Amino acid sequence: MGAETHHGHAADHAHGHGHDDPHGGAAHGSRKGYWIGFLLSVLLTAPAFGLVMSGVIADPRVTAGIVMALAMVQIVVHMIYFLHMNTKSEAGWTMMALIFTVIIVVIVISGSLWVMYHMNLNMMPSMQAEMSSAGM
């Protein structure tokens, strides 16, 4: 019986059904991968922080655009190096979750910007004078 159990266990490993892969093919992080992710995160955060604090670019819209682009790249870095998301893990379900998350985030951000823009546009003149005199 011991030989059959051992043989069955070896057969599981030969067919890729071993006990070493409980996450359905998801990649596991290595120390090197985490360091690469950390360094990329720092290299993406430092320029954004520097742009905002130094005021090198006079137009705040351009600065905001650059900071948002760096933030999007940093999100991708975090998903690859820290969350280990790829198209192969969990039979593609992580990619479906990512697509759903991106859609929800786009809806929330665009909706928030739309509401804030129209709130500012439709503000009554007396309210604008009060807000500017209050120092806001």
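Predicted, not measured: the structure shown is a model, and the values here were computed from it.
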Seminar exercise, completed: On a heavy-atom basis, the closest approach of Pro47 and Val42 is CD-O, 4.3 Å
Problem set entry | Taking every non-hydrogen atom, the tightest pair across Phe82 and Tyr34 | CD2-CD2, 3.5 Å
Problem set entry | Under 3.5 Å: donor-acceptor pair, side chain of Gln74, backbone of Ser41 | yes
Problem set entry | Ile103/Ile107 under side chain to side chain contact (heavy atoms under 4.5 Å, CB included): CA gap, chis, key distance, verdict | CA-CA 6 Å; Ile103 291 170; Ile107 290 170; 3.9 Å; yes
Exercise. Under the side chain to side chain contact (heavy atoms under 4.5 Å, CB included) criterion, do Met79 and Leu98 qualify, and how do the steps go?
Worked result: CA-CA 9 Å; Met79 287 189 310; Leu98 172 65; 3.1 Å; yes
For the hydrophobic clusters of this structure (ILVMFWY residues joined by side-chain heavy atoms under 4.5 Å, transitively), does one cluster hold both [X] and [Y]?
X	Y	value
Ile66	Val73	yes
Ile80	Met72	no
Met68	Val102	no
Val67	Leu43	no
Val105	Ile75	no

If I take atom [atom1] from residue [X] and atom [atom2] from residue [Y], how far apart are they, to the nearest 0.5 angstrom?
X	Y	atom1	atom2	answer
Ile104	Ile109	CD1	CD1	11.5 Å
Leu51	Leu70	CG	CG	7.5 Å
Lys32	Tyr81	NZ	OH	9.5 Å
Met119	Ser112	CE	OG	11.0 Å

Problem set entry | Set of side chain to side chain donor-acceptor pair (under 3.5 Å) partners for Thr101, sequence neighbours left out | none
For this session: State, yes or no, whether a side-chain contact exists between Trp114 and Tyr117 at a heavy-atom distance under 4.5 Å.
Result: no
